[in-house]
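Quick notes on the structure that follows.
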Amino acid sequence: MESNVKVEDALGALLKVLIDPILARINPHAEASVGEEDISKQMEAIAWLYNHFICQDFPYLEFLNWSAFCRKAVILRTRLIRFMSLPKGGQDALQNLTSTEG
């Protein structure tokens, strides 16, 4: 296996397969509750797959706790931001982060 895999590449591949099909089905103007359960289940699965299997195959990749995982996922897929529960002011901070890093 290649040793130059980046966190963003590994996470992006998982998001492409497990989240993008769900996001494609959801009307961007629908309420956040539409698709929320599907997104939630898939995000948990991706976090588990990334931290367990991918980090096992590529031990130099960093383990991502839930907060770090969600931040990186939102940076890669900005549409996920509406499904995230954030403390007051967190939504603005995360939107600023995604607009500067993406």
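Computed from a predicted structure; not experimentally measured.
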Exactly one of Leu23, Val74, Ile19 clears side-chain contact (heavy atoms from CB on, under 4.5 Å) with Phe83, and that residue is Leu23
When rounded to the nearest 0.5 Å, the distance separating CD of Glu8 from CG of Leu61 is 9.5 Å
With sequence neighbours left out, the residues meeting ring-ring contact (aromatic ring centres under 6.0 Å, His included) with Tyr50 are none
Quiz item: How far apart are the C-alpha atoms of Asp20 and Arg77, what are their side-chain angles, what is the distance that settles it, and do they pass the side-chain contact (heavy atoms from CB on, under 4.5 Å) test?
Solution: CA-CA 9 Å; Asp20 288 357; Arg77 298 294 186 278; 2.6 Å; yes
Side chain to side chain donor-acceptor pair (under 3.5 Å) pairs touching residues 35-48, sequence neighbours excluded, are Arg25-Asp38, Glu37-Lys41
To the nearest 0.5 Å, atom CG of Leu14 lies from atom CD1 of Ile46 at 6.0 Å
* Are any non-hydrogen side-chain atoms of Met43 and Leu15 less than 4.5 angstrom apart? -> yes
Handout entry: Verdict with reasoning, Arg82 to Ile26, per side-chain contact (heavy atoms from CB on, under 4.5 Å)
Key = CA-CA 12 Å; Arg82 63 190 224 154; Ile26 298 171; 3.4 Å; yes
Taking every heavy atom of Ala47 against every heavy atom of Trp66, the minimum-distance pair comes out as CB-CZ3, 3.8 Å
Exercise for review: Check whether Phe53 and Val7 end up in the same hydrophobic cluster, where Ile, Leu, Val, Met, Phe, Trp and Tyr are linked by side-chain heavy atoms less than 4.5 Å apart.
Suggested key: yes
Value for OH (Tyr60) from CG (Asn4), rounded to nearest 0.5 Å, stands at 6.0 Å
Residues passing the side-chain contact (heavy atoms from CB on, under 4.5 Å) test with Ala68, sequence neighbours excluded, are Leu64, Asn65, Arg71
Residue pairs meeting side chain to side chain donor-acceptor pair (under 3.5 Å), one or both in residues 9-18, sequence neighbours left out, come to none
Closest non-hydrogen atoms of Leu80 and Ala73, given as atom of the first, atom of the second and distance, are CD1-O, 3.8 Å
Item checked: Heavy-atom side-chain proximity of Ile54 to Val5 below 4.5 angstrom -> no
